[in-house]
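Structure first, commentary second.
Side chains are part of it too, since the values below use all heavy atoms of this structure and drop only hydrogens, waters and symmetry mates.
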Amino acid sequence: MLKRITLFLATNLAVMILLGIVMTVFGINPARTSGLLVMAAIFGFGGSIISLLMSKTMAKWSTGAQIIAQPRNETERWLVQTVQRHAQKAGIGMPDVAIYDAPEINAFATGANRNHALVAVSSGLLNSMNADEAEAVLGHEIGHVANGDMVTMALLQGVLNTFVIVLARVVGQVVDGYLSGGRREGGGGIGYWITVNVLQLVFGLFASIIAMWFSRHREFRADIAGAELASREKMIAALERLQANHGESTLPKQVAAFGISGNMRQGLGALLLSHPPLPVRIEALRKAQLNPKALREGVVV
């Protein structure tokens with residue numbers, strides 16, 4: 001946990017310093033409307049894009065995933081061959097294949113490029129699932145890659161971040177202008193800073209709800225991809241195995257949305273889930289229309 005927190009803080013600090021330097025070099029003044037929009041776009045998209053580009057490295061570092069450069073046993077050989085077969089069916093480049101040490105049944109995919117991605121499975125998955133179930137899980141993760149989910153989520157997060165930054169500061173300027181009786185423009189007073197910090201939290205929460213709703217939608221698509229690459233029966237069996245052995249996910253935040261399984265919450269907390277409930281996913285998959293050819297064409301719905 002300390003390793004993940006340190007990585008998160010270091011990455012964000014590096015992003016803030018870099019983007020601050022960029023704004024200074026180009027003379028961007030966030031107090032002006034045009035400057036505010038540019039600043040918001042730089043900070044909104046900058047963090048998301050940098051995180052996307054570093055996603056494979058961060059995922060390997062934070063989970064301790066070990067790339068299978070040369071299979072050492074039959075299990076590793078089967079993993080590599082299965083991922084290769086799925087990747088060929090999906091029309092993408094061969095991803096790196098890795099194993100990470102974690103007790104729960106889980107796997108994830110990440111990477112900025114669908115032809116240079118990473119697919120990793122937990123030791124818990126290898127110990128608890130049979131070959132058919134694991135094959136379907138690998139198909140699910142290849143579906144995330146083939147559908148371009150990592151890039152789409154990064155772009156969506158960038159748009160949401162930009163809106164949060166702009167709206168919080170626009171409202172902050174209005175509040176600060178009202179409190180100063182119109183004597184101050186462009187913010188800078190105590191009312192501005194308090195309003196901005198509070199609204200960034202509030203708007204950020206709403207942005208997270210939107211991002212997680214989209215993540216849940218993409219999870220249904222990845223389940224369909226897993227069914228198309230392995231079979232509907234194998235994918236349903238894998239989800240049922242997850243349901244019977246479900247536990248809290250230990251995946252770091254940056255790859256949790258692309259795992260096969262996520263954490264569970266009740267009530268309003270369910271709005272912030274990256275994955276739909278497993279019974280809902282199973283029922284949706286039973287009713288889904290499969291089209292293996294569509295996956296290769298990138299039009300899975």
Side-chain angles (χ1 to χ4, degrees), residues 52 55-56 59 65 67-71 73-100 105-122 125-126 129-153 215-242 255 257-261 275-276 278 281-282 284-301:
L52 176 65
S55 59
K56 283 179 63 174
I67 301 293
I68 303 176
Q70 185 66 37
N73 51 54
E74 190 58 35
T75 298
E76 292 187 355
R77 188 174 299 107
W78 179 86
L79 275 175
V80 172
Q81 290 174 349
T82 303
V83 170
Q84 184 177 42
R85 185 172 68 252
H86 285 337
Q88 289 174 346
K89 286 183 179 180
I92 63 172
M94 177 62 183
D96 289 334
V97 183
I99 300 173
Y100 67 99
I105 301 175
N106 217 335
F108 68 85
T110 191
N113 189 314
R114 68 201 300 266
N115 293 317
H116 299 90
L118 167 70
V119 173
V121 300
S122 69
L125 181 146
L126 296 176
M129 282 190 161
N130 61 38
D132 287 347
E133 294 162 349
E135 179 188 356
V137 170
L138 292 172
H140 172 103
E141 298 308 329
I142 289 295
H144 275 309
V145 178
N147 290 332
D149 287 354
M150 286 71 76
V151 175
T152 304
M153 284 295 294
S215 175
R216 293 192 294 273
H217 171 72
R218 304 293 273 190
E219 206 63 30
F220 287 120
R221 292 184 58 180
D223 285 342
I224 293 174
E228 291 172 341
L229 290 170
S231 76
R232 190 195 304 266
E233 292 72 23
K234 291 179 181 179
M235 192 68 235
I236 290 175
L239 294 176
E240 289 175 339
R241 175 76 68 176
L242 284 170
V255 296
F258 303 108
I260 184 68
S261 179
H275 292 65
L278 285 163
R281 291 169 63 182
I282 293 170
L285 189 54
R286 292 187 193 278
K287 297 177 179 178
Q289 292 186 348
L290 304 186
N291 182 5
K293 184 179 179 180
L295 180 65
R296 294 190 297 271
E297 296 171 353
V299 293
V300 180
V301 294

Keeping the roles fixed (side chain from [X], backbone from [Y]), state whether a donor-acceptor pair exists under 3.5 Å.
X      : Y      : result
Arg218 : Asn147 : yes
Thr152 : Asp149 : no
Lys89  : Glu228 : no
Thr82  : Glu135 : no

Quick one: [atom1] on [X] to [atom2] on [Y], what's the gap to the nearest 0.5 Å?
X      : Y      : atom1 : atom2 : answer
His140 : Leu239 : NE2   : CG    : 8.0 Å
Glu141 : Leu229 : CD    : CG    : 11.5 Å
Glu133 : Leu242 : CD    : CG    : 8.5 Å
Arg241 : Asn130 : CZ    : CG    : 6.0 Å

Identify the heavy atoms of [X] and [Y] that sit nearest to each other, and give their distance.
X      : Y      : value
Met150 : Thr110 : CG-CA, 3.9 Å
Tyr100 : Ala65  : CB-CA, 3.7 Å
Asn115 : Gly93  : OD1-N, 2.8 Å
Ala87  : Pro95  : CB-CD, 3.9 Å
Leu138 : His86  : C-CD2, 3.8 Å
Ala225 : Gly143 : CB-CA, 3.5 Å

### Message
For Glu240, run the salt bridge (charged side-chain N to carboxylate O under 4.0 Å, His left out) check against Lys234, Arg281, Arg286 and tell me which one passes.
### Response
Arg286
Within a strict 4.5 Å, meaning less than it, do heavy atoms of the [X] and [Y] side chains meet?
X      : Y      : answer
Val119 : His144 : no
Met94  : Val80  : yes
Ile99  : Leu79  : yes

### Task
Taking only Lys NZ, Arg NE, NH1 and NH2, and the carboxylate oxygens of Asp or Glu, determine whether Glu219 and Arg216 approach each other closer than 4.0 Å.
no
#### Entry: Residues in side chain to side chain contact (heavy atoms under 4.5 Å, CB included) contact with Ala227, at least two apart in sequence or another chain
Arg232, Met235, Leu285, Leu290
